[in-house]
Amino acid sequence: MTKQITLVMLSIVIHGVAQGVSSNSELNSRAILSKKEQLKSGREMKTVTVQKIEKNNVSANQIATLFDTNKIPFQTIASLNWDEYPYQPEVTFRIAHDATSIFLNYHVKEKSIRARYSKDNSMVWADSCVEFFILPPGQNEYYNIESNCIGTLFFGIGEDGSYREPAPAEFSNQIQRWSSLGNQSFEERIGDVEWELSLIIPMNAFFKGDIEKLSGQVMKGNFYKCGDELISPHFLSWNPINTEKPNFHLPEFFGSLVFE
């Protein structure tokens, strides 16, 4: 187990406004911080409104229908940040919450897929993979919830990509997953494929206990699509990243998640 986690950590290196403003000073500080982030990236930071909906005890395989009913809009993961990786699969996501859980629904169309890894906290980013990074208000450490196309997760926390503390199983097991491809592993399949993945992430799954509520919060985050070991490696992001080499673990390029 120790050897496996060490390998995972090494691979990650490679792969690599809080609510309630009380004064004009705080507003100005946040504006300055946001401007600094924009200057670092050279591009405008994106914002997504995370709509609050009633879940009514649905399971992960019903999230897409729930989103359709509530008219939750699709967002696009389409930023090609590195010229040496020009392949661009078609990737969209939808996000909402019910005050106690975050709901995610991804739609992907790509020209090959792979799901070699079937155990949580393994190298899912080497497969056909979608990722959600989220930084709680007032914190330096952000969570990364990475899922291959059959719902195998890497769920961790840290300040950057040099080390990610994996979630204990009792927390990652709280995240419900559903994939249109099922949950059995397979090697790379060549040919155009469309697949869908839905996640239900309860607040209690955030194992540091640093997300106390969702409603009214403004958090930072980013969404990604990758496939490090596929026949056509790719590294796409929702919010653009301005670096020389692929690296998703850069909070300065996170966009804003506004929770209703």
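Source: prediction; values computed, not measured.
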Residue from H97, K52, E260 passing side-chain contact (heavy atoms from CB on, under 4.5 Å) with L214: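 Only one of H97, K52, E260 forms a side-chain contact (heavy atoms from CB on, under 4.5 Å) with L214, namely H97.
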By ring pair (Phe, Tyr, Trp, His ring centres under 6.0 Å), which residues pair with F103, not counting sequence neighbours? none
Please identify each residue that fulfils salt bridge (Lys or Arg N to Asp or Glu O under 4.0 Å) with E212, with sequence neighbours left out. none
Do V130 and V108 have side chains that approach each other closer than 4.5 Å (heavy atoms only, starting at C-beta)? yes
Geometric class of the [Y]/[X] ring pair [parallel <30°, tilted 30-60°, perpendicular >60°]:
| X | Y | answer |
| --- | --- | --- |
| F132 | F223 | parallel |
| F207 | F155 | perpendicular |
| F248 | W82 | tilted |
| H107 | F74 | perpendicular |

Does H234 form a side-chain contact (heavy atoms from CB on, under 4.5 Å) with Q88? I'd like the steps, not just the answer. CA-CA 7 Å; H234 52 276; Q88 186 173 26; over 6 Å; no
Listing request: all salt bridge (charged side-chain N to carboxylate O under 4.0 Å, His left out) pairs with a residue in residues 63-73, at least two apart in sequence or in separate chains. D68-R94
side-chain hydrogen bond (donor to acceptor under 3.5 Å, both in side chains) with K208: of E165, Q139, E141, only one passes, and it is E165
Determine whether the aromatic ring centres of residues W125 and F154 are separated by less than 6.0 angstrom.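 Yes, close enough.
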Over all heavy atoms of both residues, which pair between N121 and P166 is shortest? Give the atoms and the distance, please.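 The pair with the smallest heavy-atom distance is ND2-CB, 3.5 Å.
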Over all heavy atoms of both residues, which pair between D83 and P86 is shortest? Give the atoms and the distance, please.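 Taking every non-hydrogen atom into account, O-CD, 3.7 Å.
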Decide whether V50 and I134 are clustered together by the hydrophobic rule: side chain heavy atoms of Ile, Leu, Val, Met, Phe, Trp, Tyr closer than 4.5 Å, transitively.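 Linked within one cluster.
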